[in-house]
Colleague: 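One structure, pasted below without further comment.
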Amino acid sequence: MSTLTTRSQDYSQWYNDLILKGGLADYSSVRGCMVIKPYGYALWENMRDVLDRMFKSTGHQNAYFPLFVPKSLFEAEEKNAEGFAKECAVVTHYRLKADPEQKGKLIVDPAARLEEELVVRPTSEAIIWNTYKGWIQSYRDLPLLINQWANVVRWEMRTRLFLRTAEFLWQEGHTAHATKEEALSETLQMLDVYAQFAEEYMALPVVKGIKTANERFAGAEDTYCIEALMQDGKALQAGTSHFLGQNFAKAFDVKFAAKDNTMEYVWATSWGVSTRLIGALVMAHSDDQGLVLPPKIAPLQVVIVPIFSKDAEARQKIDETAEQLTRSLRGKGITVKYDNDDTSRPGWKFAEHELRGVPVRIALGARDIEQNQAEVARRDTREKMTLSLEGIADAIHQLLDEIQHNLYNRALQFRDAHTTAVDSWEDFVQVLETKAGFISAHWDGTPETEERIKELTKATIRCIPLNNAAEEGHCVLSGKPSRQRVLFARAY
RNA sequence: CGGGAAGUAGCGCAGGCCGGUAGCGCAUCUGGUUUGGGACCAGGGGGUCGCAGGUUCGAAUCCUGUCUUCCCGACCA
């Protein structure tokens with residue numbers, strides 16, 4: 001048996017242990033790239049399916065654009081290109097050949113150099129806007145509401161499973177609109193979709209906000225975000241939605257004929273969430289026993305563990321009861337596994353399913369059958385209860401709901417308890433060092449002050465919350481006047 | 001990309017200074033007893049010691065290079 005590192009021992013190692021031992025992902029032989037294992041991929045599929053429905057119901061369609069972006073297209077929008085230039089993988093050749101010096105080895109064929117290098121997409125605005133130019137002529141072609149599910153590559157110096165890998169999976173929405181207002185409202189609509197998804201499905205409370213200039217997406221006019229708080233008090237950006245203005249339309253010359261027959265540049269948005277959300281999920285809810293997954297996106301919601309005895313007749317009754325229970329739970333749309341593998345014992349299974357974060361465990365033994373009951377354990381609180389088999393499927397259904405809500409409320413309480421308003425620099429530093437979490441403080445609005453605070457404390461402005469109340473005050477560092485508080489934190 | 005640590009059986013590790021038959025625990029396989037929180041007894045299998053060079057009669061061990069991972073920094077979703 002392997003033991004998990006606890007959160008208090010080493011938070012980072014705890015996180016790695018959960019990902020690896022919980023069966024979500026593995027390291028690969030490729031630097032910075034991970035293998036997403038079936039259990040982790042099932043989790044991603046569940047997240048993806050919910051989001052995909054939400055995108056479709058807000059009028060978006062899926063499409064797929066190339067992995068490679070010709071360098072000349074990539075550099076068209078200058079700020080975007082500049083922002084990503086440092087982390088681009090670039091294809092320069094299209095052929096290998098046998099190494100004349102070493103039998104069985106291959107070398108890059110120097111004769112097969114590409115005339116124009118291909119950038120492996122770190123994001124797809126360039127190739128997409130180059131394509132949109134051909135798709136948009138008239139206001140009748142707008143709005144254009146497209147999403148793609150794809151992989152992207154960002155050559156990161158330092159990687160962490162799910163949180164930051166060189167290649168990752170995500171979705172990126174790219175929309176084109178006739179007016180600024182429409183594009184802005186799309187940007188905010190998708191931010192709401194993300195927030196709703198995070199809170200309802202991932203049980204992850206988020207703050208909706210707008211990024212400061214320093215944190216803005218390269219090439220955007222405004223970047224909106226949802227920010228979540230992890231158990232170690234660090235913030236994590238869980239999704240972004242960008243108002244791109246006319247920057248890409250101008251860079252790629254995408255104009256449309258308006259009703260009055262004038263030619264105008266279109267207005268754009270883009271928005272995305274990635275497999276990073278899995279990292280957020282792990283760090284928001286899990287404990288020292290392993291993963292804790294919200295029922296609504298857990299790959300497996302209920303596991304039934306039989307407790308056999310040597311009595312063959314009792315064993316048969318347990319099997320029958322478990323199979324019947326499995327059917328009735330499935331009838332309610334609950335995913336269930338009857339774990340009747342006889343090679344491991346109940347205690348081992350209990351620990352294993354806790355490690356994997358299965359929300360509900362039902363244990364069935366001869367004693368339970370006799371008394372027409374089952375032992376039910378919930379993963380979030382690790383409480384055990386005895387339930388009658390009469391109507392147990394309904395009770396489990398309710399319990400799953402309750403677990404979902406409890407996880408959300410627990411995370412919300414944690415966030416509220418770790419959101420601190422401070423009014424002096426001393427308090428700012430002290431709260432950051434002793435308590436961490438979000439710090440709500442006044443800021444003079446200048447990039448210089450933000451940068452200075454980052455240098456001094458490693459804390460950055462996570463966002464200016466959208467529901468912010470106007471409040472006169474003084475910048476926590478410079479003392480200059482400020483009209484509202486912003487949220488600071490150290491971040492992933 | 002800088003600093004630190006690590007890579008030996010599926011997993012966790014010892015051995016390395018001082019070169020000479022590759023070991024331990026867990027897992028696995030066989031047989032048996034078991035099963036309400038990670039079972040027990042007995043027997044068995046499993047290794048190009050990350051990879052590539054070098055030194056040597058002989059390298060897991062010494063030297064050089066290289067790859068991968070972790071932690072801490074700078075960069076970022």
Side-chain angles (χ1 to χ4, degrees), chain A residues 1-5 10-17 19-21 26-34 83-88 102 105 122-123 152-172 194 211 214-218 223 225-228 235-242 270-280 289-290 305-311 314-315 318 340-355 361-371 373-375 377 382 384 386 454-455 458 460 462 491-492:
Chain A
M1 171 202 154
S2 55
T3 49
L4 295 171
T5 308
D10 183 343
Y11 191 85
S12 297
Q13 193 55 47
W14 165 79
Y15 174 80
N16 288 332
D17 279 4
I19 302 287
L20 297 170
K21 293 177 180 169
D26 249 339
Y27 292 111
S28 72
S29 311
V30 190
R31 165 177 234 151
C33 295
M34 65 175 175
F84 284 104
K86 293 190 299 281
E87 43 189 329
C88 286
Q102 271 184 294
K105 302 287 183 185
T123 180
V152 286
V153 170
R154 296 181 186 175
W155 214 261
E156 299 289 350
M157 291 300 170
R158 185 176 162 195
T159 57
R160 294 198 65 186
L161 293 167
F162 286 113
L163 297 175
R164 183 167 295 108
T165 46
E167 180 191 11
F168 57 93
L169 304 183
W170 77 346
Q171 59 69 216
E172 45 181 326
Y194 288 156
K211 289 289 190 187
N214 283 352
E215 302 279 325
R216 192 180 293 151
F217 176 74
T223 287
C225 62
I226 52 171
E227 291 284 327
L236 186 143
Q237 177 176 303
T240 50
S241 185
H242 314 292
S270 70
W271 27 274
V273 297
S274 73
T275 38
R276 184 180 224 211
L277 284 177
I278 293 175
Q289 274 69 44
V305 176
I307 295 159
F308 291 132
S309 64
K310 53 189 169 182
D311 179 353
R315 188 186 172 108
I318 292 171
N340 63 347
D341 174 3
D342 210 11
T343 58
S344 52
R345 289 159 55 94
W348 191 89
K349 293 177 184 174
F350 291 177
E352 185 65 14
H353 292 119
E354 278 174 11
L355 171 61
R361 178 187 73 233
I362 303 174
L364 270 181
R367 224 159 61 201
D368 298 307
I369 303 292
E370 275 169 30
Q371 298 175 50
Q373 65 185 33
E375 182 194 81
R382 299 186 79 227
K384 290 186 211 177
T386 302
K454 186 180 176 184
E455 281 167 23
K458 291 174 201 160
T460 50
R462 300 322 303 153
Y492 279 100

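Note on naming: letters A, B, ... go to the chains in the order of the sequence lines (proteins, then strands), and numbering restarts at 1 for each one. Quick caveat: nothing in here was measured; it's all calculated off a predicted structure.
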Colleague: Could you state the atom-to-atom distance from CH2 of Trp348(A) to C1' of C11(B) in whole Å?
Modeller: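 Those two atoms, CH2 and C1', are 12 Å apart.
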
Colleague: By the 4.0 Å heavy-atom rule, please label Glu156(A) as base, sugar-phosphate, or nothing.
Modeller: base

Colleague: Would you classify Gly32(A) as touching base, sugar-phosphate or nothing, given that sugar-phosphate means primed atoms plus P, OP1 and OP2, and contacts are heavy atoms under 4.0 Å?
Modeller: sugar-phosphate

Colleague: Aromatic rings Tyr11(A) and Trp14(A): how do their planes relate, parallel, tilted or perpendicular, breaks at 30° and 60°?
Modeller: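 Ring orientation of Tyr11(A) relative to Trp14(A): tilted.
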
Colleague: Counting any heavy atom closer than 4.0 Å, what does Tyr492(A) reach on the DNA or RNA strands: base, sugar-phosphate only, or nothing?
Modeller: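 It contacts nothing in the nucleic acid.
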
Colleague: When both hydrogen-bonding distances must be under 3.5 Å and the geometry is Watson-Crick or G-U wobble, what is G73(B) paired with, if anything?
Modeller: C1(B)

Colleague: Find the partner of A60(B): check Watson-Crick (N1-N3 plus N6-O4 or O6-N4) and G-U wobble (N1-O2, O6-N3) distances, both under 3.5 Å, and reply none if neither fits.
Modeller: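 Pairing partner, where one exists within any strand: none, as none qualifies.
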
Colleague: Going through the checks in order, is the salt bridge (charged side-chain N to carboxylate O under 4.0 Å, His left out) test met by Lys211(A) and Glu227(A)?
Modeller: CA-CA 10 Å; Lys211(A) 289 289 190 187; Glu227(A) 291 284 327; 2.7 Å; yes

Colleague: Can you tell me the pairing partner of C40(B) across any strand shown, Watson-Crick or G-U wobble, with both distances under 3.5 angstrom?
Modeller: G32(B)

Colleague: Once side-chain hydrogen bond (donor to acceptor under 3.5 Å, both in side chains) is applied, do any residues pair with Thr159(A), and if so which ones, sequence neighbours excluded?
Modeller: none

Colleague: Quick check with a 6.0 Å cut-off and a 45 degree axis cone: is Arg361(A) positioned over the face of Phe350(A)'s six-membered ring?
Modeller: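 Yes, Arg361(A) sits over the ring of Phe350(A).
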
Colleague: What is the separation between atom CD1 on Ile362(A) and atom P on G36(B), rounded to the nearest whole Å?
Modeller: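 Answer to the nearest Å: 19 Å.
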
Colleague: Please determine whether a side-chain nitrogen or oxygen atom of Lys458(A) lies at a distance below 4.0 Å from atom OP1 or OP2 of G73(B).
Modeller: yes

Colleague: Write down the distance between NZ (Lys454(A)) and C1' (G73(B)), rounded to a whole number of angstrom.
Modeller: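 Computing the Lys454(A):NZ to G73(B):C1' distance gives 12 Å.
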
Colleague: Using the P atom on both, measure C41(B) against G53(B) and round to a whole Å.
Modeller: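 Between the two P atoms, the distance is 46 Å.
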
Colleague: Would you say the side chain of Arg164(A) lies within less than 4.5 Å of the side chain of Arg158(A), judging by non-hydrogen atoms?
Modeller: no

Colleague: Distances under 3.5 Å between protein N/O atoms and the N/O atoms of nucleotides 31-35 of chain B, please, pair by pair.
Modeller:
from   : atom 1 : to        : atom 2 : distance (Å)
U34(B) : OP1    : Lys310(A) : NZ     : 3.2
U34(B) : O2     : Arg345(A) : NH1    : 3.2
U35(B) : O4'    : Arg345(A) : NH1    : 3.2
U35(B) : O2'    : Phe308(A) : O      : 2.8

Colleague: Could you state the atom-to-atom distance from OH of Tyr11(A) to C1' of C72(B) in whole Å?
Modeller: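 That distance rounds to 18 Å.
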
Colleague: Once hydrogens and angles are ignored, does a donor-acceptor distance under 3.5 Å link the base of G37(B) to the side chain of Glu354(A)?
Modeller: yes

Colleague: Output the single nucleotide from U69(B), A77(B), G36(B) whose closest atom is nearest the side chain of Tyr27(A).
Modeller: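 Taking heavy atoms from C-beta onward, the closest nucleotide is U69(B).
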
Colleague: Given that both distances must come in under 3.5 Å, which nucleotide forms a Watson-Crick or G-U wobble pair with G46(B)?
Modeller: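 Paired with no nucleotide.
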
Colleague: Judged by atom type as modelled, is there a donor-acceptor pair below 3.5 Å linking the side chain of Tyr194(A) to the main-chain atoms of Gly272(A)?
Modeller: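 Pair found, side chain donor or acceptor close to backbone of Gly272(A).
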
Colleague: Once you apply a heavy-atom cut-off of 4.0 Å, does Val273(A) come out as touching a base, just sugar-phosphate, or nothing?
Modeller: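 The answer is nothing, as Val273(A) stays clear of every strand by at least 4.0 Å.
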
Colleague: Over how many whole Å does the gap from Leu236(A) atom CG to C76(B) atom C1' extend?
Modeller: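 My rounded result for the distance is 12 Å.
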
Colleague: Relative to the 5' end of RNA chain B, which residue comes earlier, Ala218(A) or Phe350(A), by the nucleotide with the nearest heavy atom?
Modeller: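 Per heavy-atom nearest nucleotide, the more 5' residue is Phe350(A).
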
Colleague: From the options C71(B), G37(B), C75(B), select the nucleotide whose nearest atom is closest to the side chain of Arg382(A).
Modeller: G37(B)

Colleague: Determine the Euclidean distance between corresponding P atoms of A60(B) and A9(B); express it in Å to zero decimal places.
Modeller: 14 Å

Colleague: Let's see if you can work this out: which of G36(B), A77(B), C72(B) has an atom nearest to the side-chain heavy atoms of Arg276(A)?
Modeller: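 Between G36(B), A77(B), C72(B), the one nearest the side chain of Arg276(A) would be A77(B).
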
Colleague: Could you tell me whether Glu455(A) contacts a base, only the sugar-phosphate backbone, or nothing, with contacts defined as non-hydrogen atoms closer than 4.0 Å?
Modeller: nothing

Colleague: Applying a 3.5 Å limit to both distances, which nucleotide forms a Watson-Crick or G-U wobble pair with C13(B)?
Modeller: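 C13(B) is paired, partner G23(B).
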
Colleague: Give me the distance, rounded to whole Å, that separates G19(B) from G4(B) when you measure between the C1' atoms they each carry.
Modeller: 29 Å

Colleague: When you measure from the side chain of Arg154(A) to the backbone N and O of Pro122(A), does any donor-acceptor pair fall under 3.5 Å?
Modeller: yes

Colleague: For a quick check of understanding: with a heavy-atom distance under 4.0 Å over all strands, which category does Gln13(A) fall into, base, sugar-phosphate or nothing?
Modeller: sugar-phosphate

Colleague: Do you know the tightest heavy-atom contact between Leu163(A) and Tyr492(A)?
Modeller: CD1-CD2, 3.9 Å

Colleague: So, does Asn16(A) get its side chain near the phosphate of U69(B), meaning an N or O under 4.0 Å from OP1 or OP2?
Modeller: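 Indeed not, no polar side-chain atom of Asn16(A) lies that close.
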
Colleague: Using atom P in both nucleotides, what's the gap between G50(B) and G43(B) to the nearest angstrom?
Modeller: 31 Å

Colleague: Taking for each residue the nucleotide of RNA chain B bearing the nearest heavy atom, is the 5' side occupied by Arg367(A) or by Arg164(A)?
Modeller: Arg367(A)

Colleague: When the P atoms of C17(B) and A74(B) are considered, how many whole Å apart are they?
Modeller: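 Pairwise P distance, C17(B) against A74(B), rounds to 39 Å.
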
Colleague: Name the nucleic acid region contacted by Thr165(A), choosing base, sugar-phosphate or nothing; use a 4.0 angstrom heavy-atom cut-off, strictly under.
Modeller: base

Colleague: Need the pair for G7(B). Rule: Watson-Crick or G-U wobble, both distances under 3.5 Å, any strand; none if unpaired.
Modeller: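 Looking at the geometry, G7(B) pairs with C67(B).
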
Colleague: Does Ala366(A) reach a base, just sugar-phosphate, or nothing at all? Heavy atoms under 4.0 Å.
Modeller: base

Colleague: Mind checking the P distance from G47(B) to C57(B)? Whole angstroms is fine.
Modeller: 30 Å

Colleague: Out of Glu172(A), His242(A), Gln171(A), which one pairs with Trp271(A) under the side chain to side chain contact (heavy atoms under 4.5 Å, CB included) rule?
Modeller: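 Passing option: Gln171(A).
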
Colleague: Would you kindly give the CZ-to-C1' distance between Arg31(A) and C70(B), to the nearest whole Å?
Modeller: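 Rounded to whole Å, this separation is 13 Å.
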
Colleague: Do Lys21(A) side-chain atoms and Gly290(A) backbone N/O form a donor-acceptor pair below 3.5 Å?
Modeller: no

Colleague: When the P atoms of G10(B) and U48(B) are considered, how many whole Å apart are they?
Modeller: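 Approximately 8 Å lies between the P atom of G10(B) and that of U48(B).
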
Colleague: I need the CE-C1' distance between Met157(A) and C70(B), as an integer number of Å.
Modeller: 18 Å

Colleague: For the P atoms, the ones on A5(B) and on G36(B), what distance do you get once it is rounded to whole angstrom?
Modeller: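 Roughly 46 Å separates the two P atoms.
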
Colleague: For Ile19(A) and Phe162(A), what are the C-alpha separation, side-chain angles and deciding distance, and is it a side-chain contact (heavy atoms from CB on, under 4.5 Å)?
Modeller: CA-CA 9 Å; Ile19(A) 302 287; Phe162(A) 286 113; 3.6 Å; yes

Colleague: Quick check for you: among G36(B), C75(B), A77(B), whose closest atom lies nearest to any side-chain atom of Phe168(A)?
Modeller: A77(B)

Colleague: OP1, OP2 of C71(B) versus side-chain N and O of Arg160(A): anything below 4.0 Å?
Modeller: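 Affirmative; the distance criterion is met.
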
Colleague: With no angle test and no hydrogens, is the base of G2(B) tied to the side chain of Arg158(A) by a donor-acceptor pair under 3.5 Å?
Modeller: no

Colleague: Would you classify Ser12(A) as touching base, sugar-phosphate or nothing, given that sugar-phosphate means primed atoms plus P, OP1 and OP2, and contacts are heavy atoms under 4.0 Å?
Modeller: sugar-phosphate

Colleague: Regarding Leu163(A), tell me which of base, sugar-phosphate or nothing describes its non-hydrogen contacts under 4.0 Å with the strands shown.
Modeller: base

Colleague: Students often get this wrong, so: under 4.0 angstrom with heavy atoms, is Lys384(A) touching a base, only sugar-phosphate, or nothing?
Modeller: base

Colleague: Does Arg154(A) reach a base, just sugar-phosphate, or nothing at all? Heavy atoms under 4.0 Å.
Modeller: base

Colleague: Does the side chain of Thr343(A) pick up a donor-acceptor pair with the side chain of Asp341(A) at under 3.5 Å?
Modeller: yes

